[in-house]
Trainee: 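This is the structure I want to talk about, given as structure tokens.
We use all heavy atoms of the structure for the numbers below, so side chains are in, but hydrogens, waters and symmetry mates are not. Numbered from 1 within each chain, the chains take letters A, B, ... in sequence-line order.
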4 protein chains.
Amino acid sequence: MQEISEKKARILAAAMDIFGERPYDQVKIEDIAERAGVGKGTIYEYFVSKEDLFAAGLEAGFNEYFMALVAAAVPSLPATAKLQAVFGRHLSFISQHAAATRIIIGERPASRSEMREAMVGRYMRLGRFLEELLQEGIAAGDFRPVDTAVVAQAIIGMFSTLLVFVLFAGQAADAMEKQAEKLLDFCLLGLAS
Amino acid sequence: MQEISEKKARILAAAMDIFGERPYDQVKIEDIAERAGVGKGTIYEYFVSKEDLFAAGLEAGFNEYFMALVAAAVPSLPATAKLQAVFGRHLSFISQHAAATRIIIGERPASRSEMREAMVGRYMRLGRFLEELLQEGIAAGDFRPVDTAVVAQAIIGMFSTLLVFVLFAGQAADAMEKQAEKLLDFCLLGLAS
Amino acid sequence: MQEISEKKARILAAAMDIFGERPYDQVKIEDIAERAGVGKGTIYEYFVSKEDLFAAGLEAGFNEYFMALVAAAVPSLPATAKLQAVFGRHLSFISQHAAATRIIIGERPASRSEMREAMVGRYMRLGRFLEELLQEGIAAGDFRPVDTAVVAQAIIGMFSTLLVFVLFAGQAADAMEKQAEKLLDFCLLGLAS
Amino acid sequence: MQEISEKKARILAAAMDIFGERPYDQVKIEDIAERAGVGKGTIYEYFVSKEDLFAAGLEAGFNEYFMALVAAAVPSLPATAKLQAVFGRHLSFISQHAAATRIIIGERPASRSEMREAMVGRYMRLGRFLEELLQEGIAAGDFRPVDTAVVAQAIIGMFSTLLVFVLFAGQAADAMEKQAEKLLDFCLLGLAS
DNA sequence: TATGAATGAGATTTCATTCAT
DNA sequence: GATGAATGAAATCTCATTCAT
């Protein structure tokens with residue numbers, strides 16, 4: 001059973017790798033099988049279809065990302081520092097896990113309504129996390145009492161802009177870092193109590 | 001020659017329609033031909049390939065969107081009012097032209113670097129427009145002297161978040177309007193001189 | 001349009017040929033395309049699916065067979081001679097069109113209910129033809145007033161037995177001819193008025 | 001060894017069941033394994049291949065049927081009564097063992113000449129049984145001295161027509177019973193000494 | 001002996017693109 | 001220029017069979 005999970009994980013990892021490299025319809029199941037070191041048929045033992053595998057990769061990629069953000073928000077830190085850490089972690093994650101990230105933004109969110117729902121669900125999850133962080137800051141008097149839902153949305157927006165610049169515009173890492181800092185500053189301006 | 005352009009326009013319109021309805025690889029050239037009321041072969045008289053047609057639709061969709069924003073920023077208005085108008089127009093555009101919008105963000109065959117470049121180019125164009133607007137406001141003393149590139153980026157980010165909520169989460173129009181207003185307010189907080 | 005029908009006919013002929021040679025699932029669409037001298041895709045312009053093509057072949061094969069029987073029953077002949085002619089034509093048809101015939105008995109009648117219905121329909125059509133022939137003979141006083149439905153069924157049964165012997169047991173032609181004659185005689189014994 | 005046979009029998013029974021339900025290529029070895037309550041691999045302990053298993057089912061199904069006919073021809077009965085009993089048993093068997101019967105006529109992978117031979121062999125076996133019955137009747141003076149081979153063949157033909165009507169046309173049982181009686185009568189007409 | 005996870009050959013069908021008319 | 005019939009490459013998924021346990 002442990003063995004089984006291990007194989008499923010290997011397939012999933014291979015899928016994320018490859019789906020990150022090129023668009024969905026340029027990925028052959030066979031490519032993934034090869035990279036995972038299993039037979040084509042084996043993939044279908046663990047995933048219902050190519051689309052299912054893609055969706056699983058999406059979910060796993062987001063989870064990885066989300067965990068990274070959560071881990072960055074060390075509980076002992078004050079809210080401002082947490083926010084700063086989250087911004088930084090966002091940037092470093094998308095820089096280092098370009099492939100996984102490219103899946104997250106999802107080359108094809110439109111197809112199945114299930115997938116849309118999942119995507120929206122992920123947005124919400126990220127939003128809730130940021131809202132909690134903001135509420136904490138407000139409670140501690142670090143932030144002014146803003147509408148947390150709105151600000152969270154704004155932050156997600158900033159994150160997604162950074163995404164585009166890092167992944168597609170191929171900006172240099174340090175330029176991006178500066179950019180992220182400034183975005184954070186702008187954000188804090190609006191939050192300053 | 002006038003005739004020719006008219007036909008090309010009809011094909012492009014049909015393409016935008018249909019690419020907005022479903023993901024790239026679920027669209028058949030034949031569908032577009034049918035909707036445009038021309039033969040399959042005719043499309044190849046005006047467009048090199050399916051990908052080319054998609055790219056043209058993308059560009060046209062963005063132009064439509066961009067023109068709408070530009071038109072909203074009536075020159076005679078003060079910067080704050082312009083920004084407000086642009087926010088409002090963004091929202092109304094994505095609500096009313098869901099199809100065109102879905103192309104803009106949607107499904108990129110993304111394989112070709114040309115397309116990535118075009119996408120980045122559009123981001124930049126939108127960014128420059130917003131920067132100009134911000135600089136104007138700063139010059140007029142309406143905004144504090146922020147890093148316009150950064151704030152423009154932040155606004156683009158907010159726009160894209162609104163996009164997700166409107167297109168995929170299916171939020172009610174009026175709820176979104178309120179949300180957009182609040183995003184603008186948050187923005188203005190950071191900009192207030 | 002004439003051209004089109006010609007191509008469809010060529011595909012159908014090739015299909016009957018090949019479906020007659022080997023069982024359904026050992027026939028590749030590609031084989032049929034090759035024999036018909038068209039591309040694989042072309043077949044799908046004229047037939048919805050492999051199964052559809054098979055069903056069409058079945059129908060066409062039966063029609064050919066049925067026409068042959070009908071043609072044998074020359075109107076001017078007395079009933080007994082007609083019956084004799086039909087027996088003879090049955091035998092010669094299945095001997096000479098072994099391939100087409102093998103389709104008729106149908107390697108896979110069970111799959112779709114449509115197909116079953118079509119098969120039953122063919123049985124009925126053959127039955128009605130024989131019944132008419134019998135009724136004519138009864139009216140003319142050549143045959144005793146038997147239950148025509150029953151005797152028609154019996155004749156179909158005899159036909160199918162001959163089928164098995166010719167197609168599968170590979171009996172010599174003249175031996176079969178004698179056999180058919182005797183079957184007819186036995187039949188006539190029951191019919192003799 | 002007793003245990004082994006029991007398992008083999010269970011597999012065979014399951015195979016007959018399922019091959020009777022749907023055409024050969026819609027049957028998965030796994031389905032049979034499941035119905036038999038054994039593992040997929042186990043089937044290959046007892047049968048060489050899917051085709052082999054099918055052939056075994058065919059043979060077993062025919063044997064069941066053949067035994068039933070033989071049992072119906074109770075030795076003490078006069079020939080006419082025997083023939084009557086055999087007709088009746090044929091009908092009741094195909095009505096009650098539709099699945100087994102469907103195998104007998106059904107779907108032949110037909111590729112292998114072995115299978116054809118087996119099929120012809122079964123026809124012959126049935127033929128010999130009927131011939132013996134006829135000869136007995138002739139010897140007893142119940143039947144006129146017909147060519148027994150021919151009449152046996154005719155009877156087999158009638159049996160197969162009944163098959164089609166019962167299995168595929170879904171005729172009501174009692175209507176068929178009447179039909180069978182009449183077929184027998186017609187037969188007896190030809191046999192009456 | 002029994003198992004079932006793993007395999008990979010294989011075939012239908014789709015659809016972008018071509019080109020003769 | 002306009003058309004759409006013809007094409008064939010290509011890829012998902014199935015399933016009989018194997019073999020390590």
Side-chain angles (χ1 to χ4, degrees), chain A residues 1 3-4 7-8 11 25-34 36-53, chain B residues 1 3-4 7-8 11 24-34 36-54, chain C residues 1 3-4 7-8 11 24-34 36-53, chain D residues 1 3-4 7 11 24-34 36-54:
Chain A
M1 212 179 102
E3 178 90 3
I4 288 176
K7 191 157 288 190
K8 183 169 185 174
I11 292 170
D25 55 286
Q26 278 174 45
V27 171
K28 281 183 287 186
I29 285 288
E30 195 167 11
D31 300 338
I32 295 171
E34 198 175 11
V38 300
K40 232 184 326 171
T42 307
I43 289 181
Y44 287 88
E45 295 282 324
Y46 296 99
F47 298 92
V48 168
S49 66
K50 185 183 177 185
E51 206 162 66
D52 179 43
L53 178 55
Chain B
M1 210 180 102
E3 175 90 4
I4 289 176
K7 193 161 283 191
K8 183 169 184 174
I11 292 170
Y24 184 79
D25 55 287
Q26 277 173 45
V27 170
K28 284 185 282 189
I29 283 287
E30 196 168 7
D31 300 337
I32 295 172
E34 198 176 13
V38 300
K40 242 185 318 175
T42 307
I43 289 180
Y44 286 87
E45 297 286 328
Y46 297 101
F47 299 92
V48 168
S49 66
K50 184 183 179 184
E51 207 165 69
D52 179 44
L53 178 55
F54 180 77
Chain C
M1 214 180 100
E3 177 91 4
I4 288 177
K7 190 157 288 188
K8 184 168 185 175
I11 292 169
Y24 183 81
D25 56 285
Q26 277 173 46
V27 171
K28 280 183 288 187
I29 285 289
E30 196 167 10
D31 301 337
I32 295 172
E34 199 175 11
V38 300
K40 233 184 321 174
T42 306
I43 289 180
Y44 287 87
E45 295 280 325
Y46 296 99
F47 298 93
V48 168
S49 66
K50 185 183 178 184
E51 204 161 67
D52 179 43
L53 177 54
Chain D
M1 211 180 101
E3 176 91 5
I4 289 177
K7 193 161 285 192
I11 292 170
Y24 184 79
D25 56 288
Q26 278 173 45
V27 170
K28 283 185 283 189
I29 284 287
E30 196 168 8
D31 299 338
I32 295 172
E34 198 176 11
V38 301
K40 241 185 319 177
T42 308
I43 289 181
Y44 286 87
E45 297 287 327
Y46 297 101
F47 299 92
V48 168
S49 65
K50 185 183 179 183
E51 207 164 70
D52 179 43
L53 177 56
F54 179 77

Trainee: Looking at every heavy atom in both D/Lys50 and D/Asp25, which two are closest together, and how far apart are they?
Mentor: NZ-CA, 4.1 Å

Trainee: If you restrict it to nitrogen or oxygen atoms, what contacts under 3.5 Å exist between nucleotides 17-21 of chain F and the protein, and what is each distance?
Mentor:
from   : atom 1 : to      : atom 2 : distance (Å)
F/dT17 : OP2    : D/Tyr44 : OH     : 2.8
F/dT17 : OP2    : D/Lys50 : N      : 3.0
F/dT17 : O4     : D/Lys40 : NZ     : 3.3

Trainee: Using whole Å, what does the distance between atom C1' of nucleotide E/dG8 and atom CD1 of A/Ile32 come to?
Mentor: 16 Å

Trainee: Show the nearest heavy-atom pair for residues B/Glu30 and B/Lys40, with the distance to one decimal.
Mentor: CA-CG, 3.9 Å

Trainee: Rounded to whole Å, please give me the gap between CD1 in D/Ile11 and P in E/dT1.
Mentor: 13 Å

Trainee: When rounded to the nearest 0.5 angstrom, what is the spacing between CD1 in C/Ile43 and CG in C/Leu53?
Mentor: 6.5 Å

Trainee: How do D/Gly39 and C/Val27 order along DNA chain E: which one's closest nucleotide is nearer the 5' end?
Mentor: D/Gly39

Trainee: Using atom CD1 of C/Ile43 as one end and atom P of E/dA11 as the other, report the distance to the nearest whole Å.
Mentor: 14 Å

Trainee: Would you mind reading off the distance between B/Asp31 atom CG and E/dT14 atom C1', rounded to a whole angstrom?
Mentor: 12 Å

Trainee: Kindly give the heavy-atom pair with the smallest separation between A/Ile29 and A/Tyr44, and that separation in Å.
Mentor: CG1-OH, 3.6 Å

Trainee: Rounded off to whole Å, could you give me the CG-to-P distance for the D/Asp25 and E/dA11 pair?
Mentor: 13 Å

Trainee: Find the distance C/Tyr24:OH to E/dA11:C1' and express it as a whole number of Å.
Mentor: 11 Å

Trainee: What is the minimum heavy-atom distance between D/Ile11 and D/Tyr46, and which atoms define it?
Mentor: CD1-CD1, 3.7 Å

Trainee: Given F/dT12, F/dG1, E/dC15, which nucleotide is nearest the side-chain atoms of A/Lys28?
Mentor: F/dT12

Trainee: Whole-Å distance between E/dT12 C1' and C/Gln26 CD?
Mentor: 17 Å

Trainee: Could you give the CG-to-C1' distance, from D/Asp52 to F/dA16, as a whole number of Å?
Mentor: 14 Å

Trainee: I want to confirm an ordering. Mapping D/Gly37 and A/Val38 to their closest nucleotides on DNA chain E, which one lands closer to the 5' end?
Mentor: D/Gly37

Trainee: Please find the pair of heavy atoms, one from D/Asp31 and one from D/Gln26, that lie closest to each other, and give the distance.
Mentor: OD2-O, 4.3 Å

Trainee: Let me check I have this right: for DNA chain F, each base becomes ., (, ), [, ] or |, based on Watson-Crick or G-U pairs with both distances under 3.5 Å. What is the full string?
Mentor: .||||||||||||||||||||

